[in-house]
Amino acid sequence: MGCCFGAPLQRDLSLWCAGEEPDSCSPTPALLLPTWSSLQNYTAEPQEKCFPEETMASGNPRQLDPGDQPAQVAESPLETESVSLAVGEGFPTEIALVFSVESHTSQCVNSQLQKAARKKLWALENDDKDICDLFKELSARLVCIQAQKDRFLLTFKTTEEIWKFSTYLALGYVACCLEHLLFDRGYWLNCSLVEDTGIRITVDEDHLATMYLGLLLQEGQFFSRAVFNVPQPLEGGEESLKLHENELVHVKDIGKESKWEGMSLSTGQRGLVAVAAIEPLPHPFYQWFLKNNPMSCGTSKEISGTTSQPIGTGRCTATEDHRGRGWDELSFSKGDSIEVVGFLIPGLLWFVGKSTSSGTIGFVQSKHIAAETCEPLGKGSVFLSEEEKSSLLLLPGSEQHYTSLLEDLARTDITSVYRLAGFEPTATFPGGPSEAALQGYKDVQLFKTCGESAANSLSTPSDTEQSSPEGEASPTALEEFLLREPDDLDDPKFFIDLNAGHMEDAEVFDPILTFLNQERYVAPFQSLYDLSFSFLRSTFYGFSDEDKLVLYLETSRNWAKRTHLGWAHTRLCFLLGRLCIKRVKFSQARVYFEEAMNVMDKGFDDLPLLAALHVNLAAIYLKQKMRHKFFSMLGKAVALLACLPGHCFSSENELEVVKYILREAIVVGNAPLEARACFLVVKLFLQLGKYDEVLPFAERLQFLSTCVSSQDSSATCLDTTPILSYLYDKKYLPHITLASTRLFVPSGIKGAPTPIWRAGLVLQNTSKLLGSQLGRSSVPALACLYLRHALAFSHESGAVSTQKTLCAVLSKMYLQHDMLDRALYYSARAVALGRLMSEEEAFESSLFLGWMYVLASQPAKAKAIMLRLLHSLRETDSVTQDGAVRNLLAIALKEEGKVKKAAENYLWALNKAKETGNRQNQAIALANFGHLTLSCGASQLAESYFLQSVQLYIELQGGEDSEIELVQVLLWLAQAMLSRHRIEDSKLCYELALVFALKSHNVKSQLHITESLCHFYSKVSPNPGACITYHEHWVSLAQQLRDREIEGKVLQTLSQLYQTLDIPKSLRRSLDCTKQSLRIFIDLGETVKAAQAWLQAGRLYYLLQEDELVEMYFQAAIQTALNPGELSVAMDLYEEAGDIFFNGNRNRHRAVEYYRGGAVPLARKLKATRTELRLFNKLAELHIGLQGYEKALEFATLAARLSSSAGDQLQELVAFHRLATVYYFLQIYEMAEDCYLKTLALHSPVLQCAEEAMYYCKVYCRLGNLTLHKLKDEQDAAAYFLLALAAATELGDQKLQGAIHAKLALIYNAPLW
């Protein structure tokens, strides 16, 4: 892994998740450890727990050379500065990660998407499992989510966690992972929006670097570099370690603040080191690598630090005369032109050169030539040749796996299995994406050259589409990574019967000696040198065990030695040495290799052999700690290993030499050599299949390339993203795999991963993430962009079959997400492409397109396609296909209202299914018949067809699709029974449908059926217990689907159901449901619903008699509405809160403050006259009940005046009636009489209904009693009672008439009358 730490120049690390074709190697700033002095200043100030919100970095990021060293300090006496090791006293423990969603086009924040991401974060605050899993995969630990500030607080427990996280951050993976987490399917289905959107990540790198240093100190030992020379102390002084500037030293905490124990990596000496004399190595990768790969031979002088000179190639000029000391060194004169064989790497003592005058090849010392005369390695290559870059992209295996995956997704059974009317099992998402997510959608046409008419019709494709299936390039299968197996059909084979007694016959060995004595490298030698020992299976075959082969090779070696066949002798010694290494006999192998080296005198004619001998021998010297021999061999071995492109590994032991080179490059700060070494490690580990071990080196290689490209904008960096994606997939890291794949830009290199590979990898890892959420044969929305890129690539390459497959997959995907217009487009494309392939492919695609038209409510177009297909089937005997077409034609005819013709085609389809004995198709045809008859009102006949269909389905016991179809048929059967008022039977059908949906684990079907059952038990056959049970199940299904909107809505309903039971236990459960819905509405930003939930919670606390919490929840509800300025909602909430007290039996007086103090002012402000009038009436009624008649008179008078000005006669009547009542209680009887008469005057003089007559009767009775008993006016009283008697007579109420007669008799019999 490649992120680094050191003294930062830029305070914030801002990284992008780029758009459509992002540059995966975009410049990224590096994280560096602070210096000791800055650390002292930092730790002197106590840090807060939560860091302030970071701002986005502006300007160009700091350009850092990967080999940069910390600022060097001039040689000076040791200072007494020290660093406290009290970790936790001043070191930060948490870091803020801030994100912003930005548009590439506008170069500013996309506020709509930012808001959507924030809402998703609010939801994750209460259910953070997904985001915890994400950050765990990113090697970070989530402390908390601060959604309002668009940030996360993270912490780390080990240095390795920070190392990995900082690497993912630098490579852009964190931003991509957040993009996958925060956006829903509506975003991913809008490709133009995805291409224009990027997430910017902002992290305070000082905090991150200081956290890393704190954990490093906590571990107590790490690697550092001397910042100045430290001389040997005088005799008798403290045992200090002598150091040279830039020398690497491993330090260990021994409890002293000013000095630590150190060991020089160059000399191996130990001693005390002053804190001020060292700086920790800035790169976490260096700390990890040096810790896990300790040096055994110290350091050599064969490798030096790099300069600004890049890796060179081409020709250079000799600067002095030189006479080679051996056959392998090149002799030349000053001014001679020398061609570099491979590379000239700055800092290496040797390279391989070729004299342009003599053609001789040999080793050349770098100091003897002018390196600046060489040409830099090709633009964009940086560290590797073009061939090596290509080899890195040849991943193990081929694209065949992903092609098969796409073909499986595209496969349909529509030509053999009928379809239920209007029902498509694969359409698992009934709702399309939100308008907000699709705002500004611009559909990018990927087939501009393919003709536009195919999207709308079945016309013949344009000439540009006329490419034959045979022209499609099939994926290349690779059997080995980087190294192709040779075609051994023509390789020479050698076998001798060792028991035949011919061992002393020289002629017996002539074939092998002649073969191995060739002076130059030939292709069959590849099997002798490769890592897999393939010569054991090809060149030398038939030996029962290796001992016999060794005897054969040993005898051949002796004959080669006798006959002075140098090349054969050398190669036989090399093969014997390889077999010894295979048997872990390193000393014996060393003897053979040294003999081969001594015999060789023209090794440059076979460079693979020369390189293998040098590197294998150096590896053995290193393993056996033969320091002097190793150093004498190292310089030329490094030149052969690192400078020659396309090195062929012959032994796993070579890894030790490569790692030693990497250690040396780190020690001296040679970045080009470090990159070459990382490349070789990656190459070897991949050949060995050690995927866990290769990952850090591949990430470091990508990081080094990124750093170099950031300095040179004209250079194209090495893109190891395909390898990283492949490795992450192997390690089952789906989040990081998707992020890496998101940044991968497919190249045009032959054999390299293509957009098809990328699309397949995305589909594979999305299924890992979603698991059971992704149904069988479902295509996730996240794959949309990659599928469309793959389609464009297939079109450019002329792969017709692949184009059709991708069009079918895209059509299915859009169908699943209820975007039928785009599903139709790609289905039409598949038809056009199918015609180029075969009639069978065209038939299937056309039939599927017709079905799409049916689902899109375009029956006329569907009918036209079906009639055309039926015409094409006339001369065939395909009964099943004929039935499938007839069934779809009948569905289209039914949609057009042509019931008779639809029935005829259904009958035809049913007969065809019976003819073939296909029970599933018979069941579907019968169900469609039932659906047709049900739509015509023939419920009994429909029920008969449905029952036959259900019986066939139950007998089938088929797969998942059959069970989903059975569920739909049972729902239709339930509807048919309901129309005939067979309540119990319909209930049984609904519940059976739920059973089968549970059996098939289809959550969407369960959701639909559960909703139907909830409606059934609440409206059709009320049953509170059953209704509550199914609502609870509905909530659990919404939780499985993670649909928080549905969950919140159902929880609200469930709360009301529990409340209706009106017992303490049910009220408590209702309160729990309300609080759950409240959390959801807050997370979703649903202000109005959240306010209503606050109010409902307060209502429930009132019912539970927990009055101390009631006011708090009411105020929270009102404040929630007032904050965004929802005055109308706040007014309603004030009134509802008052109603709870008004209609209750406790604290009724509290309603006044909500009515008078809250609702009335808002009603006046909003000019809501009706609401104000209603509130005055309630206040008057409330004060009457509280016997506050004076206040009641005030509000009743206001209500009467307001109702008169409003012109609402009914409200005016109510107001005056209540005013009359108040006057009555105040004993102002004359005014009461006037108000009652006013109410009667507001009525029509002619009675309109019985209720009006009853009102007249009661009011006149009240007036009669009032005038008789209070005003003592018997004459007026008699008149009122007579009017009341007339109204009672109109009603025909004998009892009421009798009571009035009694009153009148009392008046007439009075003495004064």
Side-chain angles (χ1 to χ4, degrees), residues 50 52-53 98-101 109-128 144-153 182 434-436 1044-1045 1047-1049 1051-1052 1055 1071-1102 1106-1141 1150-1168 1171-1172 1174-1175:
C50 298
E53 185 174 1
V98 186
F99 73 91
S100 60
V101 186
V109 173
N110 185 324
S111 57
Q112 195 170 9
L113 285 177
Q114 187 80 22
K115 183 179 178 181
R118 192 177 298 127
K119 287 176 69 174
K120 183 64 177 288
L121 278 187
W122 283 332
L124 291 171
E125 282 182 331
N126 293 318
D127 183 12
D128 61 358
C144 68
I145 303 171
Q146 296 179 343
Q148 199 61 39
K149 297 181 179 180
D150 299 325
R151 71 178 186 177
F152 308 90
L153 283 187
L182 296 176
S434 64
E435 290 298 323
R1044 294 178 67 78
E1045 290 186 8
E1047 184 184 354
K1049 177 184 173 182
L1051 282 169
Q1052 271 189 319
S1055 173
L1071 182 61
D1072 292 340
C1073 293
T1074 299
K1075 288 183 176 180
Q1076 290 178 50
S1077 66
L1078 174 59
R1079 281 193 292 268
I1080 291 171
F1081 294 141
I1082 291 174
D1083 292 342
L1084 295 176
E1086 298 281 357
T1087 306
V1088 175
K1089 291 182 179 179
Q1092 291 170 346
W1094 281 111
L1095 186 74
Q1096 172 67 4
R1099 178 185 288 109
L1100 291 167
Y1101 276 120
Y1102 181 83
E1106 297 182 19
D1107 295 339
E1108 65 279 2
L1109 296 174
V1110 175
E1111 291 279 355
M1112 182 182 73
Y1113 276 86
F1114 284 173
Q1115 291 300 328
I1118 294 165
Q1119 197 60 42
T1120 300
L1122 286 175
N1123 282 340
E1126 296 282 353
L1127 298 183
S1128 177
V1129 177
M1131 179 184 69
D1132 293 339
L1133 291 172
Y1134 269 119
E1135 184 178 2
E1136 288 183 51
D1139 289 346
I1140 292 169
F1141 289 115
R1150 287 174 137 180
V1152 175
E1153 61 184 278
Y1154 290 99
Y1155 289 153
R1156 185 71 184 88
V1160 169
L1162 288 174
R1164 286 177 174 171
K1165 184 175 183 178
L1166 296 171
K1167 297 182 179 180
T1171 302
E1172 187 179 1
R1174 185 172 62 250
L1175 288 167

- Note on the structure: Scanning both residues in full, the closest heavy-atom pair of Phe1081 with Lys1049 reads CZ-N, 4.2 Å
- Item | Met1131 and Lys1165: CA distance, side-chain angles, deciding distance, side chain to side chain contact (heavy atoms under 4.5 Å, CB included) verdict | CA-CA 10 Å; Met1131 179 184 69; Lys1165 184 175 183 178; over 6 Å; no
- For Leu1133 and Ala1121 the tightest heavy-atom approach is CD1-CB, 3.8 Å
- Task: Please report the closest heavy-atom contact between Val109 and Ser100, naming both atoms and the distance.
- Result: CG2-CB, 4.4 Å
- Message: Between Ile1140 and Glu1136, is the side chain to side chain contact (heavy atoms under 4.5 Å, CB included) condition met? List the steps.
- Response: CA-CA 6 Å; Ile1140 292 169; Glu1136 288 183 51; 5.7 Å; no
- Query: Going by the ring-ring contact (aromatic ring centres under 6.0 Å, His included) test, which pairs reach into residues 1114-1133, not counting sequence neighbours?
  - Reply: Phe1114-Phe1141, Phe1114-Tyr1154
- Taking the side chain as every heavy atom from C-beta outward, state whether Gln1096 and Tyr1113 have any atom pair closer than 4.5 Å. no
Could you pull out every donor-acceptor pair under 3.5 Å between side chains of residues 1082-1090 and any protein atom, sequence neighbours left out?
residue, atom, partner, partner atom, Å
Asp1083, OD1, Asn126, ND2, 3.1
Asp1083, OD2, Asn126, ND2, 2.5
Asp1083, OD2, Arg1044, NH2, 2.8

- Identify the two heavy atoms, one from Tyr1102 and one from Val1110, that lie closest to each other, and give their separation to 0.1 Å. N-CG2, 3.5 Å
- Query: Does the Glu1106 side chain pair with the main chain of Tyr1101, one donor and one acceptor, at a distance under 3.5 Å?
  - Reply: no
- Could you check Val98 against Lys149 for side chain to side chain contact (heavy atoms under 4.5 Å, CB included), going step by step and ending with a plain yes or no? CA-CA 8 Å; Val98 186; Lys149 297 181 179 180; over 6 Å; no
- Query: Looking only at heavy atoms, which two atoms of Leu1175 and Tyr1155 are closest? And how far apart?
  - Reply: CD2-CD2, 3.5 Å
- Message: Please give me the minimum heavy-atom distance between Ala1117 and Leu1095, naming the atom from each residue.
- Response: CB-N, 3.6 Å
- Please check if any side-chain donor atom of Arg1079 sits under 3.5 Å from a side-chain acceptor atom of Gln1076, or the reverse. no
- Message: Under a 3.5 Å distance rule, please check whether Ser1055 uses its side chain to pair with a backbone N or O of Leu1051 as donor and acceptor.
- Response: no
- Item | Within 6.0 Å of CD in Gln1119, more than 12 heavy atoms from elsewhere | yes
- Item | Min side-chain heavy-atom separation Gln1115-Trp1094 under 4.5 Å | no
